[in-house]
2 protein chains.
Amino acid sequence: MTSVQIARQAPKAQDTSCCTPSGSGPIPSVEKAQKLASLLKALAEPTRLQLLSLVAAHEGGEACVCDLTEPVGLSQPTVSHHLKILVEAGLLTREKRGVWAYYTLVPERVAHIASALGHFTAPQMPTAR
Amino acid sequence: MTSVQIARQAPKAQDTSCCTPSGSGPIPSVEKAQKLASLLKALAEPTRLQLLSLVAAHEGGEACVCDLTEPVGLSQPTVSHHLKILVEAGLLTREKRGVWAYYTLVPERVAHIASALGHFTAPQMPTAR
């Protein structure tokens, strides 16, 4: 009986009043966090941000790699590598026409990232207590 | 004269009509791209996204590390490491009170990222040609 009484004594957690369970609602799943992190990683590189900007600014919103190497001051293979990452993340589309591949911005994808960030950081509705 | 005539012949560039200079306006500077990339890098990690979400969802928009370890299933040193990166990026503020450090979301910083992304990918005004 004594051991039970000891076990029922107020736990140490009383000293850490900050640690009471919060009234937070559901938080985004690990899977959602992984997807968004993967998208953000594709963007989190200065050259890739500049390439996105260059494509968006180009006439008709479309540019080929030959338009992009000089402004960023890098070789075509390096620029193509960055463009590939942006295409894989769905931020650009790629279309081969003749000898050149043309890249177009997917603005909805950028908007999606901004919206997802807002969702991740918006206060959740508290659950009933 | 003949050599001049040859030089004036249509250059090879005619075969690569994609490569005429674009009418794009100013693109964001390398420095701006580096700053935004650095912010995005701080965000581009699943645990850090979850931590931001947990802090935002916590009662009063404030949480201490002791509230955060269990939901993400990581040790306190690991969680503190991620929180430090978020604080350094200006996405969270940290205030020490008693034995605990409390973290609060800086929603303006998240909004700034979303807005900067929009700026980077908005079509620029063409310059006069």
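Keep in mind that what you see is a predicted model, and the values were worked out from it rather than measured. Quick note on labels: first sequence line is chain A, next is B, and so on, each numbered from 1.
Contact count against chain A (heavy-atom pairs under 4.5 Å) is highest for B:Leu40 among B:Val55, B:Leu40, B:Thr47. Put simply, of A:Glu62, A:Lys35, A:Gln34, the one with the most heavy-atom pairs under 4.5 Å next to chain B is A:Gln34.
Residues passing the side-chain contact (heavy atoms from CB on, under 4.5 Å) test with B:Glu108, sequence neighbours excluded: B:Val106.
At a 4.5 Å heavy-atom cutoff, the contact between B:Ile113 and chain A is made by side-chain atoms alone. Using a 4.5 Å cut-off between heavy atoms, B:Leu117 contacts chain A through both its backbone and its side chain.
Hydrophobic clustering of Ile, Leu, Val, Met, Phe, Trp and Tyr side chains at less than 4.5 Å, counting indirect connections, keeps B:Ile85 apart from A:Leu43.
More than 12 heavy atoms of other residues, nucleotides or ligands sit less than 6.0 Å from atom CD of B:Glu88.
In terms of heavy atoms, A:Ala33 sits closest to B:Gln50 at CB-CG, 3.8 Å.
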